[in-house]
Every structure is written in structure tokens, then in C-alpha cells.
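Reading through the C-alpha cells given below for one structure.
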Amino acid sequence: MKKTSIAALTAALAVSPLAAAGAGASAQRASAAGTPGGLANRAGPARVRGVDLDTVTIPELQRHMERGSLTSSELTRAYLRRIEAVDPAIGAVLRVSPTALDQAAASDARHRLGKARGPLDGIPVLLKDNIDTHDMPTAAGSLALAGTPPKKDAELAARLRAAGAVILGKTNLSEWANFRAEKPTSGWSAVGGQTNNPYVLDRNPCGSSAGSAAALAASLAQVAIGTETDGSIVCPAGMTGVVGHKPSLGLVSGDGVVPISAEQDTAGPMARNVVDAALTLSVLSGRDLAGAGDGAGLADAAARPGGLRDKRIGLWRLPSLGAEVDALMLRTAERLRAAGAEVVEVTPPYQERLDELEFPALLSEFHRDIDAYLARRAGPRDRPRDLAGLIEFNRTHPAERTCFAGQELFEQALAAPPTTDPGYRAMRAELKDLSRRSIDETMAAHHLDAIAAPANPPAWTTDCARGDNDVIPSSTPAAVAGYPSLSVPAGFVGELPVGLLLMAGDREDGALLSLGAAVERRLGAWRAPRYLPTIGQ
């Protein structure tokens, strides 16, 4: 596989549609969109009870709910109305939970009694539909898994429920996390059709957590959960102007998440601000990261002047992403310097070798891990039980080929050496060593707090015949190493967002989130898409 899908070596899958599926859903959304540049109705921000849903943070929502000036039921209804009105043009939400309002009502009762379970109690959350839920299907975007829900929640979904979060619904993604065809189209699945970039509707949202990112950019939920193998959280976050955090490997449980590779897969939070991402990660991981607590500590630290003073950041410019992106990175560096940071240019080593080794290793791991997931997944007798069954299913179901026909990666994975093979083991050991050294040696040589790079180029035009038009190497070192990375909005090239990707050492998630909050405060790059209508007051 060519490196044109490094951003698509993503992490996970889709579900059932809110309206029609596949090509029909895409046609319906295109009709609703009106013009490629945006929705027909141009209006201001989404509001409920005077609260601006585009900019409000979780700590602010909790203060409203504690005072009784806003309830979870009102907040949840506002998001449901917004999904109904806005999402037909975007195609981000596959389905809403039939129990969402019941969950919100239960949260309101806890708030009235002073028994809220924490900062996520009553907060609407969307899940990428490669995350198992007992009450909604989890399909990885494939008709092969559509229909019967899994028997139980993924562990991370159970943690969100236990924290009182309102599981609002499921988001579309790139089918099989873009790990099916050599020329995939990010954001497309046979179950959900095409997800569009809310900023310019004929542009791509990147993959595979396309629906989670696009939904947040359009303010269809307060937070969302994505998954990543290599780039699947941070690229969609950058491409749609939101925050996405890929945690250190193992910090969030992968139990009940449709896999590509246990050696790289992780779920992580996506939000419109770093504070919300940090609070959500604390629930997903069971740890208070970055001193987030109820969010006040991290928010206060980010708001204080001088948060970047004496921080050393290495800028990996990657001019191959285009002159406009490079110019934005240089402007970003100057703004960080003006805030007191020291910014030095760096080039992490070993990238060509990582590129050579990563994909062959993932083929072997995918065959092992998808077979294990399918073998334990409940469902009808004719449901595929292994990778060979998935390949046969795609051959016999034309709806799986309405955007792109290929399943070359499935076929290559089926023929790949098993993970018991000495050649595979040597390959994965070298990958782990070189990826960690690429970050550790760069940070040590320059005494860095983090490495920064562009998270994405400007969004390319979605085109099923051509496939993705991406060459995005910045996500690979942290993804292969299992180290944390964080994309925050850096600015715009025209109407199209570009993210700043920050990466740090193993289990440095808290420090990275704190630094990201200070960078976010300085850059202030968030702005809502210009063409989305106001829903609810």
C-alpha cells in the first residue's frame, strides 16, 4: 500500500444510518446541502437557554446545571434538534440513541439531589460506531455487521455511562477504518454513506473518525469519541478545526472496539476545546490527567498569561504539505514565540524506515485481531466469522462497492505472515524501537517539552473515483510508538482548517494536554462553520 493512506491507517468503523444508507444517503445529503460551499441557510451560533453551544465548555455547562439555569434534558433536546436540522447535509451521525432523553432525565434527577457523578454527568457524547454498545448496532461501516447489536458495551462506553454521560448516538466513519482498499475515500461507509466536511461540503473530513470530528465542528454534541491506529483522530480533528487527543497506548481500554492492531489502536476524546478533551479522557482512563479534576484547574492554568513561557517546542515543518500550510506553521511559531515559548526547527529521524515497516506489520496484526473480534461477536449464523468471510461478503454484496470496489488490504492481510512468524516479530520490534527513538532522541537533543507539526493539509475534494489525496506523515511517530499526540486548531487556509499536532513521550498525556491548553489559548483558532443554522434558543 502506498503512503497515500498513512492518514487512513486509522482506527475503526461505522454503523446504521439515521436516514438512508450508502449511495442513497449520500444523494440525500447532497440535495440538502444545496451548494458545495455550504448550507443554504447562513446563520449564527447554536444556542439553548442563552448558552452558545459552539463555545461553551463542560465546566460551564455543569455550573448551569448546578444552578438550574439549564438541564441535561434541554441540552440533549437542543443537540437532537440540531442533528435533525443540520446533519442531513453533513452525514456525521448514523443514529441517535432511543434512550438519550431518558438518560438526560436521570441526570437531571441526580443534579436536583446534589448527587451528580462528576463533570460528564448529563453531557451529550457521540461514539464512533466501531465502539460496541449493547443498545445500538456497531457495524464498522460494513453491512456485514449491521443489524444485531453486540451483547455488551465496550469498556469505555460502560465508563461513560457510569460517569452519567448521555450517550447521544453513533457517528459514521471510514469503512473498516480505511483498512480495506488501496484507494479508499475517507468518511465513506456502506452503512452511512459519505460524511462531508462542515466547512466546505464537497471537501473531505479525513478519516477514519470522520463523523466524530464533523459532528463536533457542526456542534451536534459536546464531545465525541474517536479511535486511531495512525492519524484517525488527529487528522479529522485538524481537517475540521476541532481538538483531538490520541492517548498513550493502553491508557484507554480497547475492549469492545473493532480492531486493526492491538499494537497501535486506541480510542480517545474529541472536543471543541482542550479542557473538554481532558475531562473526557479522565473518565475514559479512570485517571485525573493534567490535574483536570472538574476542569477548573486546567481551565484556569490555560487562561493565565505566561503559560508558554520557557516551554521549548520543536517544529517539524513538513513543507511537503504545501506552501500555504508551511506559511501557517511559520506564523504559528512566531505567535508561540511571542507568548514566551522557544521554538526550534527539528526533523525526527527514521521516518523512511517507519514508512517501510508499518504497513506490513499492520497486515499481520489486522488478520489476527479482526478474526478474534469476529469470532466472539454475537449475531446471525450467516454473519462473517473471520477475515476470509468478510472478503466473500464484499464480493457478493454490491452495496459494499458503491463508492470504491477494492478490498486489496483485506486480501493482503489474509496472505500476510502470522504474528508468530519470526520475521513479523523482528519487524514490530524494530518499529517500536525506531518510533520511540525518533521522538525520544529529538526531544532529548533539543531539550523539548513537545514536538509540533501540521496535522493535515487543507481538505481535499471528496472523489470516490480517485480516492483520498493525502500524504500526512506527522501522525506516524507517536502512533507507532504508542505515545500521546494532540491536535489543536492552528488556523485556516481560506475556509479550510489546519491543525497543529503536538506529541510527547510515553504517558505524558497530562503534560501534553496542559501544554495544548496554553497553545489553544494563544492561537484562538476555533471558529464555527459559517453556513450552519441556529437551532433552539
Side-chain angles (χ1 to χ4, degrees), residues 1 4-17 21-23 25-26 29 90-94 126-131 138-146 170-197 203-215 224-240 244 246 257-261 264-265 267 270 362 366 370 390 394 400-410 456 459-460 462-464 466-470 472 475 479:
M1 175 180 169
T4 54
S5 2
I6 269 296
L9 292 178
T10 63
L13 312 356
V15 193
S16 285
S26 297
R29 289 161 187 161
I90 300 169
V93 181
L94 286 170
L126 286 167
L127 304 184
K128 185 177 179 180
D129 202 29
N130 61 326
I131 299 168
T138 299
S142 172
L143 299 171
L145 295 183
K170 292 291 199 70
T171 58
N172 195 27
L173 59 141
S174 310
E175 183 170 329
W176 296 112
N178 275 345
F179 209 83
R180 189 193 107 181
E182 285 189 336
K183 293 184 177 180
T185 299
S186 285
W188 181 87
S189 75
V191 170
Q194 181 65 49
T195 297
N196 301 316
N197 192 311
R203 299 301 180 101
N204 200 269
C206 201
S208 64
S209 302
S212 295
I225 310 302
T227 62
E228 175 164 328
T229 305
D230 187 340
S232 292
I233 289 174
V234 295
C235 181
M239 204 85 91
T240 61
K246 184 202 81 69
V257 179
V258 183
I260 289 178
S261 165
Q264 292 183 206
D265 291 351
M270 305 178 78
L362 291 177
F366 178 70
I370 199 62
L390 287 178
N394 290 337
E400 286 289 341
R401 304 191 296 276
T402 55
C403 181
F404 52 86
Q407 54 178 336
E408 297 90 351
L409 305 193
F410 276 12
N456 59 285
W460 54 85
T462 298
D463 186 337
C464 281
R466 183 200 64 214
D468 286 341
N469 188 30
D470 61 316
I472 310 171
S475 62

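Count residues from 1 along the sequence. Since we're looking at a predicted model, the values are computed, not measured. Every heavy atom of this structure was used, including side-chain atoms; hydrogens, water molecules and symmetry mates were not.
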Looking only at non-hydrogen atoms, find the nearest pair between [X] and [Y] and report the distance.
X: S186; Y: D468; result: OG-OD2, 2.6 Å
X: A140; Y: V258; result: CB-CG1, 4.1 Å
X: N394; Y: E400; result: OD1-CG, 3.5 Å
X: T195; Y: A210; result: CG2-O, 4.0 Å
X: P236; Y: S209; result: CB-O, 3.7 Å
X: A144; Y: L390; result: CB-CD2, 3.9 Å

Quick one: pull up [atom1] in [X] and [atom2] in [Y] and give me the separation to the nearest 0.5 Å.
X: R203; Y: T240; atom1: CZ; atom2: OG1; answer: 15.0 Å
X: W188; Y: T462; atom1: CH2; atom2: OG1; answer: 13.0 Å
X: S261; Y: I370; atom1: OG; atom2: CD1; answer: 12.0 Å
X: T138; Y: K170; atom1: OG1; atom2: NZ; answer: 3.0 Å
X: I472; Y: C206; atom1: CD1; atom2: SG; answer: 4.5 Å
X: D265; Y: K246; atom1: CG; atom2: NZ; answer: 10.0 Å

| query | Using a distance-only test with no angle check, is there a side-chain donor-acceptor pair under 3.5 angstrom linking S475 and D230? | reply |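 Judged by distance alone, the side chains do pair up.
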Please check this pair: side chain of [X] against backbone of [Y], looking for a donor-acceptor N/O pair closer than 3.5 Å.
X: N172; Y: G211; result: no
X: Q264; Y: T229; result: yes
X: N197; Y: M239; result: yes
X: E228; Y: A479; result: no

| side-chain hydrogen bond (donor to acceptor under 3.5 Å, both in side chains) with T185: which residues, sequence neighbours excluded? |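 Partners of T185 by the side-chain hydrogen bond (donor to acceptor under 3.5 Å, both in side chains) criterion come out as none, since no residue qualifies.
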| request: Under the ring-ring contact (aromatic ring centres under 6.0 Å, His included) rule, collect the residues that match up with F410, sequence neighbours excluded. | output: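 Per chain and number, F410 pairs via ring-ring contact (aromatic ring centres under 6.0 Å, His included) with W176, F366.
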| A224: partners by side-chain contact (heavy atoms from CB on, under 4.5 Å), with sequence neighbours left out |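 Expected list: L126, S212, L216.
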| task | Decide yes or no on side-chain contact (heavy atoms from CB on, under 4.5 Å) for T171 and K128, but give the supporting numbers first. | result | CA-CA 5 Å; T171 58; K128 185 177 179 180; 3.9 Å; yes
